[in-house]
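Everything on this sheet refers to the single structure shown next.
A, B, ... follow the sequence lines: proteins, then strands. Residue 1 opens every chain.
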2 protein chains.
Amino acid sequence: MHEVIENILKRNQLSVTGSRVRILELFLGQQGALAHGDIEKRTGEKFDRVTVYRTLQVFLNKGIIHTIPTADNSIRYALCKDDCAGGHHHDNHVHFVCNECGSTICLDEVTIPGVKLPIGFEPTQVEMVISGVCKDCREK
Amino acid sequence: MHEVIENILKRNQLSVTGSRVRILELFLGQQGALAHGDIEKRTGEKFDRVTVYRTLQVFLNKGIIHTIPTADNSIRYALCKDDCAGGHHHDNHVHFVCNECGSTICLDEVTIPGVKLPIGFEPTQVEMVISGVCKDCREK
DNA sequence: AAGAAGATGCAACTTTGTTGCAAAATCTTT
DNA sequence: AAAGATTTTGCAACAAAGTTGCATCTTCTT
């Protein structure tokens with residue numbers, strides 16, 4: 001596990017530091033997405049709020065994580081699949097937000113269908129967020 | 001114009017007040033979506049910040065406007081088409097965010113295609129946001 | 001092991017959003 | 001058209017979220 005994390009960091013020319021390792025651990029340890037607040041809580045407030053902000057910012061710039069749009073105000077972050085290059089990365093899967101448990105899940109296997117835009121509009125990125133009840137909550 | 005606005009308000013059992021009229025004017029006077037900040041600026045800070053928040057909240061509850069999810073943190077609001085009933089309204093069109101001019105546009109004529117979710121997931125709402133370059137910016 | 005480069009924590013601050021309450025505006029009724 | 005009931009508004013105070021500068025501490029390089 002720690003091997004994998006060091007790898008991610010080094011591949012992106014990032015130094016291996018406590019907060020970066022811990023935050024990547026969190027992302028790797030679950031399939032869903034994390035909001036800033038989640039991360040603060042789950043690290044046991046071990047790192048400064050500012051450090052978490054800056055770490056996430058760095059990960060975003062490097063394309064290690066991506067943001068997920070939500071209808072409510074909160075930014076969610078999720079790990080990118082390996083082939084996301086810094087900055088412009090391709091994040092063409094559907095995101096699911098569960099209204100019961102609040103978790104956000106990347107449905108990597110569900111590809112976003114194409115749409116035909118009116119003439120003149122030139123798309124560069126497509127996001128699709130589906131909210132409802134997730135598998136785990138349905139089974140309860 | 002004012003006729004139309006009064007109509008919207010009365011249809012929703014809302015009293016006709018300065019801020020409500022002005023804010024609806026803004027929405028009707030352009031095709032895109034507005035963030036809270038836009039509204040404050042364009043009203044010339046004539047209304048209290050709190051009033052704007054509360055007005056938007058009321059419009060949301062009545063289904064006069066709807067929110068648009070964005071990957072950055074800002075909530076955008078746009079007018080609903082007439083047939084949105086209070087609370088649960090159907091907002092099944094694609095939203096477009098222009099990276100040049102920053103405007104958010106409802107593509108009412110583009111319907112969100114259906115997707116097949118993995119077993120167990122039960123969707124209640126689907127949002128689709130496409131970013132890129134809008135028609136107006138392309139033509140420049 | 002030492003120096004350079006980079007990351008962290010702290011403090012102070014800005015921006016964004018919320019709540020309670022008194023004053024003001026709107027609507028209803030006569 | 002005015003009085004009273006009901007809503008809405010603005011203010012103040014607060015809470016939460018995010019940012020910046022700077023000194024200190026870590027990490028990386030050689």
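Under 3.5 Å, the side chain of A:Arg54 and the base of C:dG9 form at least one donor-acceptor pair of N or O atoms. Interface remark: the A:Arg49 side chain does not form any donor-acceptor pair with the C:dG9 base, using a distance-only criterion of under 3.5 Å.
Under a cut-off of 6.0 angstrom, the local environment of CD in B:Gln31 is sparse, with at most 12 non-hydrogen atoms contributed by other residues, nucleotides or ligands.
In this structure, A:Glu45 atom CD and D:dA16 atom P are separated by 13 Å, rounded to whole Å. Regarding B:Tyr53, its OH atom lies at a distance of 7 Å from the P atom of C:dT18, rounded to whole Å. Put simply, CG on A:Leu14 is 18 Å from P on C:dA5, counting in whole angstrom units. Rounded to an integer number of Å, the gap from B:Leu56 CG to D:dT9 C1' is 15 Å. In this structure, A:Gln57 places its CD atom 7 Å from P of D:dT19, rounding to the nearest Å. Put simply, CD on A:Glu6 is 11 Å from P on D:dT27, counting in whole angstrom units. In this structure, A:Phe59 places its CZ atom 12 Å from C1' of C:dA7, rounding to the nearest Å. Summarising the geometry, the separation between NZ on B:Lys46 and C1' on D:dG10 is reported as 14 Å, rounded to the nearest angstrom.
The phosphate of C:dA7 (OP1 or OP2) has a side-chain N or O of A:Ser15 nearer than 4.0 angstrom. Contact annotation: B:Ser19 side-chain N/O to D:dT9 OP1/OP2 distance is under 4.0 Å. Contact check, A:Thr51 against C:dG9: a side-chain N or O comes under 4.0 Å of OP1 or OP2. At D:dT9, one or more side-chain N or O atoms of B:Thr17 fall inside 4.0 Å of OP1 or OP2 (strictly under the cut-off).
Each of B:Val129 and B:Val94 belongs to its own hydrophobic cluster when Ile, Leu, Val, Met, Phe, Trp and Tyr are linked at side-chain heavy-atom distances under 4.5 angstrom.
Note on ring orientation: taking the six-membered ring where Trp is involved, the planes of B:His93 and B:His66 are perpendicular (angle over 60°, cut-offs 30° and 60°).
Comparing A:Asp48 and B:His36 by the nucleotide of DNA chain C whose heavy atom lies nearest to each, the residue mapping closer to the 5' end is A:Asp48. In terms of position along DNA chain C, the nucleotide closest to A:Thr55 lies nearer the 5' end than the nucleotide closest to the other residue of the pair A:Val50 and A:Thr55.
Between the side chains of B:Arg76 and B:Thr104, at least one donor N or O lies within less than 3.5 Å of an accepting N or O.
Note on A:Val16: only backbone sugar-phosphate atoms sit closer than 4.0 angstrom, heavy atoms only; bases stay farther off.
Between the B:Arg20 side chain and the B:Ser15 main chain, a donor and an acceptor come within less than 3.5 Å of each other.
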